[in-house]
Amino acid sequence: MKKVLVLGVGAQGSAAAKRLDKDPGVSEIIVADYDAKAVDELVAELTKAKGIRVDATDINSIIAAAEGVDLILNALALTFNQNVLEAALAVKTNYQDYNGTDKLHELWDESEFSSQYKVPEGFSPETERWWKSYMAMFKIYAPKFKEIGKLAIFGTGSAPGLICAATKYSMRYLDTCDTIYNFVWEGAYAKRFQPFWWSPITAMSDMSDPAVAFEDGKILDTVPFSRPVKRQYDYMDEPVIFREHCHDEPFQYAFNAATEFKGLKNAYFKYAGAGMDFASQLYPAGLLSHEEEEYNGQKIVPFDYIMSHIPPAPHFKEDIQEFIDEGLALDSGCMVIESYGKKDGKDTLVEVHVSAPGFVESFELAGITAEMYLTGQSGYLFSKLFINDDFGDMSGLISSDMLTQEQCDKFFEYAAELKITLDTKIKDPKEVCD
């Protein structure tokens, strides 16, 4: 049986902790956060947990909480990634992170590797930080975890995470792969103004950054909300417009194009939903700018001013219940992978649809929103691979698209128990029209 440290008791960490509490392979959960009240409230709901207050700015505080655990599940903000990675190495344990990171760029600049690997031309400062941080994970931290015989895995929420495992799963149906599209539509629309079901600051920060694509074998910046793609799958009442969005998937697939994706040349993440509808109107007006400006004699930062007017995502049961009582304008969505390539010499499209509980069903099952359910349960599913020793003797550091096909099968076997399933369709690419 395994002992797990869950760092961070927000929507993701708390959902995973509740699922870990029911897993027969878990003997103890240590729930840790700076917010002692939030820790106590979560521990009160669990049977295998004890709570600890941790200051994530202090590596020693994390180390003290992590002594003797088999896995650290990091659900903290990206700012703390390096501290948690170092703590995992210090106590010689496995590491799992919901996120990737763009906070290791200074570590990369100070390393011996920075002179060996040239930053690709044309990156924005944001994308350059992201590229350097990914390089730091693969070049600096992967050997360190291999040296202690432990495994670190990052990008283990719903997206990145579940969608990456489903994308890797699609590769079994192709001999070569040219292009991958990841589509996510958060189709839960409230009757009142509620653009985000997860952290608005994180969502809007992503939307204000340059988007990223992998195109013709190169990572490149693209304009947020640009290059629209229309899709209408058979469970959609009408077509949905998906747009460019800053997300990890094209980065992960680009780094692993040759080893995991059969010669991949192009990868895109396309996003839609209430949040995108809202932010797409603000961006061209300059209202997502982080630059200070003067208006009527007052200095303001447009992004900060807009954020002050956005309601937080509902977290507590009574808040979520209010939306259900009011009735949703729409309770739908999709997560779809389209992988284009060749099979037996023929042009082939592998279309993988992820099915999961919607807003109302997620609340009935777990008392949380659909976004919290999918992300939290996905994080737990990666943890379960550790708990059940499905990683075997793997060590080093991997991203969530680097599961083996056998591990993908286990992942989705466990996912089915949580009503998260895959529907795979093999098509002629000519059947798809934008």
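Scope of the values below: all heavy atoms of this structure, side chains included, with no hydrogens, waters or symmetry mates.
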[atom1] of [X]: more than 12 outside heavy atoms within 6.0 angstrom?
X	atom1	result
Gln298	CD	no
Glu294	CD	yes
Glu147	CD	no
Glu292	CD	yes
Phe193	CZ	yes
Glu106	CD	no

Taking the side chain as every heavy atom from C-beta outward, state whether [X] and [Y] have any pair of such atoms under 4.5 Å apart.
X	Y	value
Met372	Ser362	no
Tyr34	Thr57	no
Lys103	Phe80	no
Ser378	Leu374	yes

Quick one about [Y] and [X] (side-chain donor to acceptor, distance below 3.5 Å, no hydrogens or angles considered), yes or no?
X	Y	answer
Glu249	Asn182	no
Gln12	Tyr380	no
Tyr271	Arg243	no
Thr47	Asp21	yes
Tyr414	Asp390	yes
Tyr134	Asp248	yes

Name the one of Asp97, Asn83, Thr101 that satisfies side chain to side chain donor-acceptor pair (under 3.5 Å) with Asn74?
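With Asn74 as partner, Asp97, Asn83, Thr101 yield a single side chain to side chain donor-acceptor pair (under 3.5 Å), made by Asp97.
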
Name of the residue among Phe255, Phe138, Phe145, Phe251 meeting ring-ring contact (aromatic ring centres under 6.0 Å, His included) with Phe154:
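That would be Phe138; it is the only one of Phe255, Phe138, Phe145, Phe251 passing the ring-ring contact (aromatic ring centres under 6.0 Å, His included) with Phe154.
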
I'd like to check the salt bridge (Lys or Arg N to Asp or Glu O under 4.0 Å) partners of Glu338; sequence neighbours left out, ordered by chain and number.
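Counting only residues at least two positions away or on another chain, Glu338 forms a salt bridge (Lys or Arg N to Asp or Glu O under 4.0 Å) with Arg231.
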
Using modelled atom types and a 3.5 Å cut-off, is there a donor and acceptor pairing between side-chain atoms of [X] and backbone atoms of [Y]?
X	Y	value
Lys48	Leu46	no
Asp221	Ser124	yes
Glu364	Ala366	no
Asn81	Gly100	yes
Gln96	Gly379	yes
Ser400	Gly155	yes
Asp55	Ser61	no

Less than 6.0 angstrom separating the ring centers of Phe323 and Trp197, yes or no?
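Yes; Trp197 has its ring centre under 6.0 Å from that of Phe323.
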
Counting the benzene-type ring for Trp, do Phe214 and Tyr253 have ring centres under 6.0 Å apart?
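No, the ring of Phe214 stays outside the 6.0 Å limit from the ring of Tyr253, centre to centre.
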
Minimum heavy-atom separation for [X] and [Y], please, with both atom names.
X	Y	result
Val31	Val9	CG1-CG1, 3.2 Å
Gln194	Pro312	NE2-O, 3.2 Å
Tyr283	Pro224	OH-CD, 3.4 Å
Glu351	His353	OE2-NE2, 2.7 Å
Val84	Leu76	CG2-CD1, 4.2 Å
Gln252	Ser399	NE2-CB, 3.7 Å

Describe, in one word, how the ring planes of [X] and [Y] are oriented to each other, choosing from parallel (under 30°), tilted (30 to 60°) and perpendicular (over 60°).
X	Y	value
Tyr181	Phe183	parallel
Trp108	Trp131	perpendicular
His245	Phe269	tilted

[atom1] of [X] to [atom2] of [Y]: how many Å apart, nearest 0.5 Å?
X	Y	atom1	atom2	value
Leu403	Thr167	CG	OG1	11.0 Å
Leu328	Tyr189	CG	OH	12.0 Å
Lys168	Ile337	NZ	CD1	13.5 Å
Trp185	Ile241	CH2	CD1	11.5 Å
Phe391	Asn94	CZ	CG	8.5 Å
Asp109	Ser114	CG	OG	6.0 Å

Would you mind checking if [Y] and [X] are paired as a salt bridge, meaning a charged N to carboxylate O distance below 4.0 Å?
X	Y	result
Glu244	Lys270	yes
Glu128	Lys132	yes
Lys384	Glu417	no
Lys2	Asp389	yes

Residue list, ring-ring contact (aromatic ring centres under 6.0 Å, His included) with His315, at least two apart or on another chain
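Not a single residue meets the ring-ring contact (aromatic ring centres under 6.0 Å, His included) criterion with His315.
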
Run the side-chain contact (heavy atoms from CB on, under 4.5 Å) check on His105 and Val119 step by step: do they pass?
CA-CA 11 Å; His105 56 283; Val119 178; over 6 Å; no

With side-chain contact (heavy atoms from CB on, under 4.5 Å) as the test, pick out the partner of Phe386 among Val4, Leu151, Asp70.
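Filter result, single survivor: Leu151.
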
Using the rule given for salt bridge (charged side-chain N to carboxylate O under 4.0 Å, His left out), can you reason through Asp209 versus Arg129, listing the C-alpha separation, both sets of side-chain angles and the distance that settles it, and then say yes or no?
CA-CA 12 Å; Asp209 284 343; Arg129 290 195 295 270; over 6 Å; no

